[in-house]
Amino acid sequence: MRGVGDFQEGAETSAYVRIAAGDGGVEWAQVRALLARDTRTPMGRERALGLLPTQDLEAITHALDETRQGRAALALAGPPPWEIIPDVRPTLDAVRVPGAVADGIALAAMIPLLDAATRLTGYGRGIREAAPDLAAAFADFPSPKPLADLLRRSLEEDGSVRDEASPALRRIRSRLRDLRKDIVRTLEAYFQSPAADTIFQERYVTVRHGRFVLPVAAGAKSRMRGIVHDRSQSGATLFIEPEGVVEANNELVQAIREEESEILRVLAALTDAVRDALPELEALLAGMAQLDLVFARAELGERMAATQPLVSAERVVVLRAARNPLLLAQAEKEPGRAVVPVDIELDGARPLLVITGPNAGGKTVTLKTLALLALMAQSGLHIPADDGARLPVFSQVFAIVGDDQSVAENLSTFSAFVKQLRDVLEHVDERSLVVLDELGAGTDPDDGAALAQAVLEELAQRGALCIASTHLEPLKGFASTHPRARNASVEFDQERLAPTFRLVYDRPGQSYALAIGARLGLAPDADRARVRLSLGAAASAPGAPGEPGRSRPARSREHRDDRAARGRERRAPQPGRGRARGGAHGGARHAGARAGRGQAGGRGHPARGQRGVGAPAPRREDPRRSHAEPPARARRGGSGGPSRRRARVGAGRAGCRARWGRAIASRSRISASRERYWRWTAARPRCGRER
């Protein structure tokens with residue numbers, strides 16, 4: 001029986017899905033580790049950890065049906081009776097060498113494996129109605145009962161050879177027992193002599209170097225004729241073999257050598273028997289490994305409440321209430337932790353899905369969920385989604401998720417992203433799935449958006465199905481207008497100021513970075529950032545009076561020029577500050593200046609509000625000084641002619657109107673921002689950790 005993930009030496013690797021991912025990747029290895037936890041044999045665990053998704057539609061369909069039958073068998077009869085099955089593959093590899101002899105422990109370890117084959121065959125007969133294919137696989141197990149009987153008759157559980165292994169071994173061991181009894185009886189007679197108390201340190205018989213000896217006091221050595229084999233650590237006791245038992249000990253040693261020779265012969269015979277049964281044993285191991293993997297897939301599907309997807313050649317992705325398998329595994333350890341399902345839709349007509357929305361809102365999880373569920377389905381696993389799930393057959397899965405920047409490889413965040421994009425574009429085709437996280441990030445937003453849009457257009461032209469997340473505004477517009485793209489966003493609850501992790505289609509989303517930052521503990525900094533953002537938005541509004549549609553660079557240059565001009569004014573000498581007189585004192589030559597003056601009245605500041613064409617916008621107009629008379633320097637002519645002064649006054653008046661309008665808009669934005677902040681503060685919990 002061969003199924004998905006049953007990789008054999010020399011098999012065509014093109015039959016399997018090419019998975020190209022960065023360091024973050026889609027965490028496929030973690031899903032395989034979850035699967036390995038449900039295996040019961042070393043062989044099954046190894047297959048689970050090395051599981052490879054396949055491109056063969058027939059093999060995918062068969063594997064998914066095997067998983068369905070495994071779940072039915074679990075419901076009917078429970079898990080198979082695997083019990084403890086050791087990994088005997090190293091022993092089989094050693095036995096394969098002609099002339100090799102396995103030790104008793106390795107051979108005895110095969111007995112549980114052979115016994116399990118009989119148990120599993122019986123289990124297969126009990127599930128024939130619910131899982132006919134699996135029952136047939138169990139029935140195909142080789143029957144190694146003769147070998148099991150031989151090993152059980154010849155070996156103890158600890159690997160020692162039994163007397164029944166051969167008639168010669170039984171005879172030799174019987175003789176050894178008689179010899180030991182005779183020697184011990186002879187040595188114990190020495191303890192009955194009248195001088196025993198002065199000769200022996202203690203009265204017992206022991207063995208040194210395979211020969212029976214007596215413990216003699218060191219001072220009484222001359223009174224005991226024999227061979228000294230050892231002495232105690234203190235030197236007070238000598239272990240002497242008396243002359244009367246030397247021949248008997250020699251005979252005992254010879255018998256022990258005969259026993260060792262016979263044991264070696266028995267182990268060689270058992271090794272030959274295992275070597276003769278190698279084909280059947282390897283088939284048994286392969287069958288057990290595959291069925292262990294099938295039932296592991298079934299148990300994982302039961303734990304995740306998974307369903308069997310429809311996998312076809314049609315380029316359609318329909319996943320209702322899809323759940324990330326790794327989050328489900330975490331929820332098992334933390335029962336109070338909920339996993340929010342998402343709906344994922346893609347097809348060949350609109351192969352691009354651009355997901356936007358708040359930070360920490362679930363965009364990356366959605367990307368990884370699609371990739372993981374596709375790989376699971378093509379590996380024969382049921383997927384955690386509602387009934388009716390549909391997936392195509394992918395030949396390649398590209399995932400650029402996470403930051404692959406590396407100092408050692410001289411890669412920044414952006415250069416690492418571009419390097420991976422280059423690899424994607426070199427190999428992508430119409431049977432590829434491309435997952436791109438934070439597309440266009442890590443560089444100037446305008447440049448990043450332009451590059452990202454070009455990449456998405458190329459992927460659509462190649463026919464690949466692509467799902468990407470981003471925070472860039474131009475990509476939201478691209479997904480709204482491009483005929484082969486679609487917008488989606490992760491929902492944000494503005495009452496709780498927290499993401500809901502649900503995916504909403506055909507609606508772009510905001511990032512809500514300030515609200516997320518405040519929720520994560522940066523409330524004062526987030527409030528300050530809101531004020532800055534409101535001021536910047538009011539100053540850059542394209543509808544502000546006097547400056548319709550100005551670009552950001554133009555506004556930035558004007559701001560810098562304005563600051564420089566104000567600095568020059570502060571350094572310039574100031575004229576008299578006496579109050580200027582109003583009425584007709586100014587004469588006719590000052591009429592134009594009085595008509596256009598915004599800030600020159602009052603206490604004579606001739607530099608304020610009087611700037612030439614192209615100068616920075618003036619400060620806000622003070623309505624209390626709008627009818628004041630020009631200062632003395634202006635009446636005397638001051639610096640420059642009347643035309644230059646009139647030009648400055650006209651520019652000052654236009655600039656004042658623009659700045660006044662921006663200030664009013666800014667005040668309204670700040671008020672709205674403060675109101676939202678205080679409403680959010682009132683809704684926060686007063687104690688304990690934030691939700």
Side-chain angles (χ1 to χ4, degrees), residues 4 17 26 31 34-35 53-72 74-75 130-131 133 294 297-329 331 338-353 355 362-363 365-395 397 430-433 435 464-467 486-491 500-507:
V4 173
V17 177
V26 295
V31 173
L34 287 178
L35 179 64
T54 181
Q55 303 180 44
D56 188 345
L57 181 57
E58 183 180 353
I60 294 171
T61 305
H62 179 67
L64 290 171
D65 190 62
E66 282 182 339
T67 305
R68 179 192 61 78
Q69 293 187 35
R71 296 177 69 174
L74 289 175
D133 292 344
V294 169
R297 298 199 306 251
E299 291 187 14
L300 184 63
E302 286 293 316
R303 282 209 321 274
M304 294 184 174
T307 60
Q308 180 173 346
L310 174 62
V311 181
S312 65
E314 189 177 1
R315 297 174 63 244
V316 174
V317 174
V318 178
L319 298 173
R320 304 293 183 193
R323 301 171 299 279
N324 189 286
L326 301 179
L327 293 183
L328 290 176
V339 178
V340 180
V342 296
D343 297 338
I344 304 176
E345 300 175 4
L346 272 175
D347 56 50
R350 301 177 74 181
L352 304 178
L353 181 62
I355 302 178
K363 299 187 296 296
V365 171
T366 301
L367 269 59
K368 290 186 176 183
T369 299
L370 172 59
L372 285 178
L373 267 54
L375 295 175
M376 290 173 67
Q378 292 185 226
S379 301
L381 281 82
H382 290 181
I383 61 175
D386 284 355
D387 289 327
R390 299 174 62 190
L391 286 166
V393 178
F394 294 111
S395 62
V397 174
E430 70 279 356
R431 297 183 62 200
S432 301
L433 172 64
V435 174
L465 296 183
C466 175
I467 179 171
R486 189 178 185 185
N487 254 320
S489 62
V490 285
E491 196 176 42
T500 65
F501 306 107
R502 294 184 179 89
L503 195 62
V504 181
Y505 281 86
D506 301 318
R507 189 179 76 187

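The figures that follow rest on heavy atoms only: side chains count, while hydrogens, waters and symmetry mates do not.
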Taken to the nearest 0.5 Å, the spacing of F501 CZ from L327 CG works out to 9.5 Å
For A377 and V311, the nearest pair of non-hydrogen atoms, with its separation, is CB-CG2, 4.0 Å
Using every non-hydrogen atom in the two residues, find where L74 and A298 come nearest and quote the distance to one decimal.
CD1-CB, 3.8 Å
A464 and P351 have their tightest heavy-atom pair at O-CB, 3.4 Å
To the nearest 0.5 Å, how far apart are CG in L375 and OG1 in T54?
12.0 Å
Could you tell me the separation between the CG atom of D133 and the CD atom of Q69, rounded to the nearest 0.5 Å?
4.0 Å
Keeping Q378 on the side-chain end and F394 on the backbone end, is there a donor-acceptor pair under 3.5 Å?
yes
Kindly indicate whether the side chain of V435, heavy atoms from C-beta on, has any atom under 4.5 Å from the side chain of K368.
no
Taking the side chain as C-beta and beyond, is there a heavy-atom pair between L34 and L326 under 4.5 Å?
yes
Flag yes if more than 12 heavy atoms outside R502 fall under 6.0 Å of its CZ atom; otherwise flag no.
no
Any P384 side-chain heavy atom under 4.5 Å of M376 side chain:
yes
Passing option when T67 is tested against H382, Q308, R297, E299 for side-chain hydrogen bond (donor to acceptor under 3.5 Å, both in side chains):
R297
Salt-bridge contact R350-E345 (side-chain N to carboxylate O under 4.0 Å)
no
May I ask you to test the T500-V340 pair for a side-chain heavy-atom distance under 4.5 Å?
no
For L373 and R323, which heavy atoms make the closest approach, and how far apart are they?
CD1-O, 3.9 Å
Separation of S489 OG from L503 CG (nearest 0.5 Å)
7.0 Å
Quick one, R486 with D506, criterion side chain to side chain contact (heavy atoms under 4.5 Å, CB included). Give me CA distance, side-chain angles, the key distance, then yes/no.
CA-CA 6 Å; R486 189 178 185 185; D506 301 318; 3.0 Å; yes
Which pair of heavy atoms, one from G301 and one from R71, lies closest together, and at what distance?
O-NH2, 3.5 Å
A385 to T307 - nearest heavy-atom pair and separation
O-OG1, 2.8 Å
H62 and E66: CA distance, side-chain angles, deciding distance, side-chain hydrogen bond (donor to acceptor under 3.5 Å, both in side chains) verdict
CA-CA 6 Å; H62 179 67; E66 282 182 339; 3.0 Å; yes
I355 side chain near L367 side chain, heavy-atom distance below 4.5 Å
yes
Nearest 0.5 angstrom please: L57 CG to T61 OG1, how far?
4.5 Å
Among D386, I383, T369, L346, find the one that has a side-chain contact (heavy atoms from CB on, under 4.5 Å) with L319.
I383
Student check: side-chain heavy atoms of V317 and L391 closer than 4.5 Å
yes
Partners of A130 by side-chain contact (heavy atoms from CB on, under 4.5 Å), sequence neighbours excluded?
A72, L76
Sub-4.5 Å side-chain heavy-atom contact between L353 and Y505
yes
To the closest 0.5 Å, what do you measure between CG (D387) and CZ (R320)?
13.0 Å
